[in-house]
Amino acid sequence: DGGITQSPKYLFRKEGQNVTLSCEQNLNHDAMYWYRQDPGQGLRLIYYSQIVNDFQKGDIAEGYSVSREKKESFPLTVTSAQKNPTAFYLCASSGGGLSSTDTQYFGPGTRLTVL
Amino acid sequence: QQQVKQSPQSLIVQKGGISIINCAYENTAFDYFPWYQQFPGKGPALLIAIRPDVSEKKEGRFTISFNKSAKQFSLHIMDSQPGDSATYFCAAKDSGGYQKVTFGTGTKLQVIP
(Lines give C-alpha, C1' and ligand atoms only; values in the text may rest on other atoms or scores of the structure.)
Protein backbone atom coordinates (compact mmCIF):
# COMPACT_ATOMS: atom_id res chain seq x y z
CA ASP A 1 0.00 0.00 0.00
CA GLY A 2 1.27 3.46 -0.87
CA GLY A 3 1.03 6.19 1.68
CA ILE A 4 2.41 7.98 4.68
CA THR A 5 2.96 6.28 8.01
CA GLN A 6 3.53 7.98 11.33
CA SER A 7 4.59 6.37 14.56
CA PRO A 8 3.78 6.10 17.32
CA LYS A 9 0.06 6.91 17.25
CA TYR A 10 0.18 8.08 20.88
CA LEU A 11 3.24 9.37 22.72
CA PHE A 12 3.65 10.48 26.29
CA ARG A 13 6.56 12.60 27.38
CA LYS A 14 7.76 13.87 30.70
CA GLU A 15 8.73 17.51 30.94
CA GLY A 16 12.36 18.08 30.03
CA GLN A 17 12.58 15.12 27.68
CA ASN A 18 13.21 15.15 23.95
CA VAL A 19 11.04 12.87 21.83
CA THR A 20 11.22 11.94 18.15
CA LEU A 21 8.19 11.38 15.94
CA SER A 22 8.62 9.18 12.91
CA CYS A 23 7.28 9.89 9.41
CA GLU A 24 7.83 7.60 6.43
CA GLN A 25 6.40 7.80 2.91
CA ASN A 26 6.57 5.42 -0.02
CA LEU A 27 4.95 7.78 -2.53
CA ASN A 28 8.32 8.80 -3.99
CA HIS A 29 7.50 12.39 -3.06
CA ASP A 30 10.29 14.95 -2.91
CA ALA A 31 8.69 17.33 -0.40
CA MET A 32 7.72 16.56 3.18
CA TYR A 33 6.14 18.68 5.89
CA TRP A 34 5.38 18.71 9.60
CA TYR A 35 2.31 20.43 10.98
CA ARG A 36 0.99 20.94 14.46
CA GLN A 37 -2.77 20.89 15.06
CA ASP A 38 -4.40 22.46 18.10
CA PRO A 39 -8.15 22.80 18.66
CA GLY A 40 -9.57 25.85 16.89
CA GLN A 41 -6.25 26.81 15.29
CA GLY A 42 -6.12 24.74 12.14
CA LEU A 43 -2.80 23.41 10.94
CA ARG A 44 0.41 25.32 11.55
CA LEU A 45 3.60 24.54 9.66
CA ILE A 46 6.61 23.54 11.76
CA TYR A 47 9.24 22.51 9.19
CA TYR A 48 9.34 21.51 5.56
CA SER A 49 11.83 19.85 3.26
CA GLN A 50 11.80 20.10 -0.51
CA ILE A 51 14.70 17.73 -1.09
CA VAL A 52 16.97 15.32 0.75
CA ASN A 53 19.51 16.97 3.07
CA ASP A 54 17.67 20.28 2.97
CA PHE A 55 14.92 21.69 5.17
CA GLN A 56 13.51 25.07 6.19
CA LYS A 57 11.71 26.46 9.21
CA GLY A 58 7.98 26.99 9.00
CA ASP A 59 5.85 29.35 11.05
CA ILE A 60 6.38 27.73 14.47
CA ALA A 61 9.82 26.02 14.36
CA GLU A 62 11.03 27.06 17.81
CA GLY A 63 11.58 24.04 20.06
CA TYR A 64 11.57 21.57 17.17
CA SER A 65 14.24 20.01 14.96
CA VAL A 66 14.17 17.78 11.89
CA SER A 67 16.46 15.83 9.60
CA ARG A 68 16.08 14.62 6.01
CA GLU A 69 18.76 12.03 5.36
CA LYS A 70 16.55 9.86 3.17
CA LYS A 71 13.88 10.77 0.66
CA GLU A 72 11.28 8.62 2.36
CA SER A 73 11.91 9.71 5.96
CA PHE A 74 11.44 13.03 7.79
CA PRO A 75 11.60 12.60 11.59
CA LEU A 76 10.60 15.42 13.93
CA THR A 77 12.21 15.91 17.33
CA VAL A 78 10.25 17.81 19.94
CA THR A 79 12.85 19.23 22.30
CA SER A 80 12.57 20.30 25.91
CA ALA A 81 12.71 23.90 24.65
CA GLN A 82 9.19 23.58 23.22
CA LYS A 83 7.07 25.21 25.91
CA ASN A 84 3.71 23.67 25.09
CA PRO A 85 4.26 20.50 23.08
CA THR A 86 0.97 18.74 23.79
CA ALA A 87 -0.75 18.60 20.39
CA PHE A 88 -1.63 16.44 17.39
CA TYR A 89 1.28 16.27 14.96
CA LEU A 90 0.72 15.65 11.26
CA CYS A 91 3.25 14.74 8.61
CA ALA A 92 2.51 15.37 4.94
CA SER A 93 4.23 14.90 1.62
CA SER A 94 3.83 16.18 -1.91
CA GLY A 95 5.49 15.70 -5.26
CA GLY A 96 7.33 18.95 -4.69
CA GLY A 97 6.96 20.07 -8.26
CA LEU A 98 6.11 23.55 -9.46
CA SER A 99 2.61 22.60 -10.51
CA SER A 100 0.07 24.60 -8.57
CA THR A 101 -2.11 21.51 -8.33
CA ASP A 102 0.59 19.51 -6.54
CA THR A 103 -1.31 18.43 -3.44
CA GLN A 104 -0.19 17.51 0.05
CA TYR A 105 -1.13 14.10 1.40
CA PHE A 106 -1.27 13.57 5.14
CA GLY A 107 -0.33 10.75 7.47
CA PRO A 108 -2.60 9.54 10.30
CA GLY A 109 -0.93 11.73 12.93
CA THR A 110 0.77 11.32 16.31
CA ARG A 111 -0.87 12.62 19.47
CA LEU A 112 1.79 13.86 21.89
CA THR A 113 0.92 14.46 25.53
CA VAL A 114 3.29 15.96 28.06
CA LEU A 115 2.79 14.61 31.56
CA GLN B 1 0.75 37.04 7.79
CA GLN B 2 -1.12 35.34 5.01
CA GLN B 3 -4.52 34.16 6.22
CA VAL B 4 -7.45 32.15 5.11
CA LYS B 5 -10.54 32.98 7.14
CA GLN B 6 -13.06 30.17 7.52
CA SER B 7 -16.61 30.20 8.87
CA PRO B 8 -18.57 28.95 10.66
CA GLN B 9 -16.49 27.28 13.34
CA SER B 10 -19.17 24.65 13.83
CA LEU B 11 -22.26 23.62 11.92
CA ILE B 12 -25.20 21.33 12.63
CA VAL B 13 -27.27 20.19 9.68
CA GLN B 14 -30.12 17.72 9.43
CA LYS B 15 -29.73 14.65 7.27
CA GLY B 16 -30.61 15.49 3.68
CA GLY B 17 -29.89 19.19 4.13
CA ILE B 18 -27.21 21.37 2.54
CA SER B 19 -24.03 22.16 4.46
CA ILE B 20 -22.24 25.37 3.48
CA ILE B 21 -18.78 26.39 4.65
CA ASN B 22 -17.24 29.68 3.61
CA CYS B 23 -13.67 30.86 3.25
CA ALA B 24 -12.08 34.18 2.35
CA TYR B 25 -8.53 35.17 1.51
CA GLU B 26 -6.52 38.30 0.74
CA ASN B 27 -3.34 37.10 -0.93
CA THR B 28 -3.73 37.30 -4.71
CA ALA B 29 -0.74 34.96 -5.12
CA PHE B 30 -2.91 32.03 -4.04
CA ASP B 31 -3.65 29.95 -7.11
CA TYR B 32 -5.00 26.64 -5.88
CA PHE B 33 -7.70 26.02 -3.30
CA PRO B 34 -8.08 22.51 -1.84
CA TRP B 35 -10.57 21.36 0.77
CA TYR B 36 -9.68 18.68 3.29
CA GLN B 37 -11.92 16.41 5.36
CA GLN B 38 -10.70 15.15 8.72
CA PHE B 39 -12.29 12.54 10.96
CA PRO B 40 -11.42 12.45 14.68
CA GLY B 41 -7.98 11.04 15.36
CA LYS B 42 -7.11 10.85 11.65
CA GLY B 43 -5.09 12.93 9.26
CA PRO B 44 -6.83 15.29 6.81
CA ALA B 45 -7.71 13.83 3.42
CA LEU B 46 -8.06 15.81 0.21
CA LEU B 47 -11.74 16.14 -0.66
CA ILE B 48 -11.94 18.46 -3.65
CA ALA B 49 -9.93 21.34 -5.07
CA ILE B 50 -10.33 24.23 -7.50
CA ARG B 51 -8.22 26.65 -9.50
CA PRO B 52 -9.22 30.35 -9.58
CA ASP B 53 -9.94 30.29 -13.31
CA VAL B 54 -12.97 28.08 -12.61
CA SER B 55 -16.09 29.38 -10.86
CA GLU B 56 -17.49 26.03 -9.78
CA LYS B 57 -16.38 22.43 -9.44
CA LYS B 58 -18.61 19.53 -8.54
CA GLU B 59 -17.67 16.03 -7.43
CA GLY B 60 -20.62 13.94 -6.37
CA ARG B 61 -22.41 15.68 -3.51
CA PHE B 62 -19.53 18.12 -2.97
CA THR B 63 -19.31 21.44 -4.84
CA ILE B 64 -16.81 24.28 -4.57
CA SER B 65 -18.01 27.73 -5.60
CA PHE B 66 -15.29 30.29 -6.28
CA ASN B 67 -15.64 34.08 -6.53
CA LYS B 68 -12.30 35.48 -7.63
CA SER B 69 -13.30 39.15 -7.49
CA ALA B 70 -14.57 38.81 -3.92
CA LYS B 71 -11.68 36.49 -2.95
CA GLN B 72 -14.12 34.03 -1.48
CA PHE B 73 -14.81 30.37 -1.96
CA SER B 74 -17.20 27.94 -0.38
CA LEU B 75 -17.90 24.24 0.00
CA HIS B 76 -21.44 22.97 -0.43
CA ILE B 77 -22.36 19.46 0.67
CA MET B 78 -25.66 18.45 -0.85
CA ASP B 79 -27.90 15.79 0.73
CA SER B 80 -25.72 15.79 3.85
CA GLN B 81 -25.35 12.43 5.56
CA PRO B 82 -24.31 11.43 9.10
CA GLY B 83 -21.14 9.96 7.58
CA ASP B 84 -20.18 13.47 6.47
CA SER B 85 -19.77 14.49 10.11
CA ALA B 86 -16.14 15.61 10.27
CA THR B 87 -13.99 18.71 10.41
CA TYR B 88 -13.48 20.47 7.09
CA PHE B 89 -10.52 22.70 6.30
CA CYS B 90 -10.23 25.06 3.39
CA ALA B 91 -6.74 25.85 2.20
CA ALA B 92 -4.94 28.05 -0.29
CA LYS B 93 -1.69 27.37 -2.06
CA ASP B 94 0.79 30.12 -2.86
CA SER B 95 2.16 30.16 -6.40
CA GLY B 96 5.52 31.53 -5.31
CA GLY B 97 8.49 30.05 -3.53
CA TYR B 98 7.93 26.53 -2.34
CA GLN B 99 4.20 26.93 -2.78
CA LYS B 100 3.21 27.16 0.84
CA VAL B 101 -0.25 25.96 1.81
CA THR B 102 -2.21 28.10 4.26
CA PHE B 103 -5.08 26.42 6.08
CA GLY B 104 -8.30 27.82 7.48
CA THR B 105 -9.13 27.14 11.12
CA GLY B 106 -11.63 24.39 10.33
CA THR B 107 -15.37 23.81 10.54
CA LYS B 108 -16.74 20.99 12.63
CA LEU B 109 -19.80 19.62 10.83
CA GLN B 110 -22.36 17.44 12.56
CA VAL B 111 -25.12 15.90 10.49
CA ILE B 112 -28.00 14.72 12.65
CA PRO B 113 -30.51 12.04 11.57
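The sequence lines fix the lettering, A, B, ..., with proteins before strands; numbering per chain opens at 1.
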Checklist entry - Given A:Gln104 and B:Lys93, is the side chain to side chain contact (heavy atoms under 4.5 Å, CB included) satisfied, shown in steps? => result CA-CA 10 Å; A:Gln104 292 185 16; B:Lys93 190 172 184 182; over 6 Å; no
Item to check | Residue part contacting chain B, namely of A:Gln37, when any heavy atom lies under 4.5 Å | outcome: side chain
Item to check | Neighbour count >12 (heavy atoms, 6.0 Å) for atom NZ, A:Lys9 | outcome: yes
Item to check | Value rounded to 0.5 Å, distance of CZ in A:Arg44 from OG1 in B:Thr105 | outcome: 12.0 Å
Checklist entry - Transitively linked via ILVMFWY side-chain contacts under 4.5 Å: A:Val19 with A:Ile46? => result yes
Checklist entry - Do B:Leu46 and A:Phe106 touch side chain to side chain, with heavy atoms closer than 4.5 Å? => result no
Next on the checklist: Any non-hydrogen side-chain atom of A:Thr103 less than 4.5 Å from a side-chain atom of B:Tyr36?
Outcome noted: yes
Item to check | B:Gln81, CD: over 12 other non-hydrogen atoms inside 6.0 angstrom | outcome: yes
Checklist entry - CZ of B:Phe103 to CG of A:Leu45: how many Å apart, nearest 0.5 Å? => result 9.0 Å
Next on the checklist: Would you say B:Leu11 ends up clustered with B:Ile18 if hydrophobic residues are merged whenever their side chains have heavy atoms under 4.5 Å apart, either directly or through other cluster members?
Outcome noted: no
Next on the checklist: Taking NZ in B:Lys57 as the centre, count heavy atoms belonging to other residues, nucleotides or ligands within less than 6.0 Å. Is the count above 12?
Outcome noted: yes
Next on the checklist: Need one label for A:Leu43: side chain, backbone, both or neither, based on atoms under 4.5 Å from any heavy atom in chain B.
Outcome noted: both
Checklist outcome for this item: From the list B:Gln6, B:Gln38, B:Gln9, B:Lys108, the residue making the most non-hydrogen contacts under 4.5 Å with chain A is B:Gln38
Checklist entry - Are there more than 12 heavy atoms of other residues, nucleotides or ligands under 6.0 Å from atom CD of B:Glu59? => result yes
Item to check | Path from A:Leu21 to A:Val114 over hydrophobic side-chain contacts below 4.5 Å | outcome: no
Checklist entry - Does any heavy atom of chain A fall under 4.5 Å from the side chain of B:Pro44, the backbone, both, or neither of them? => result both
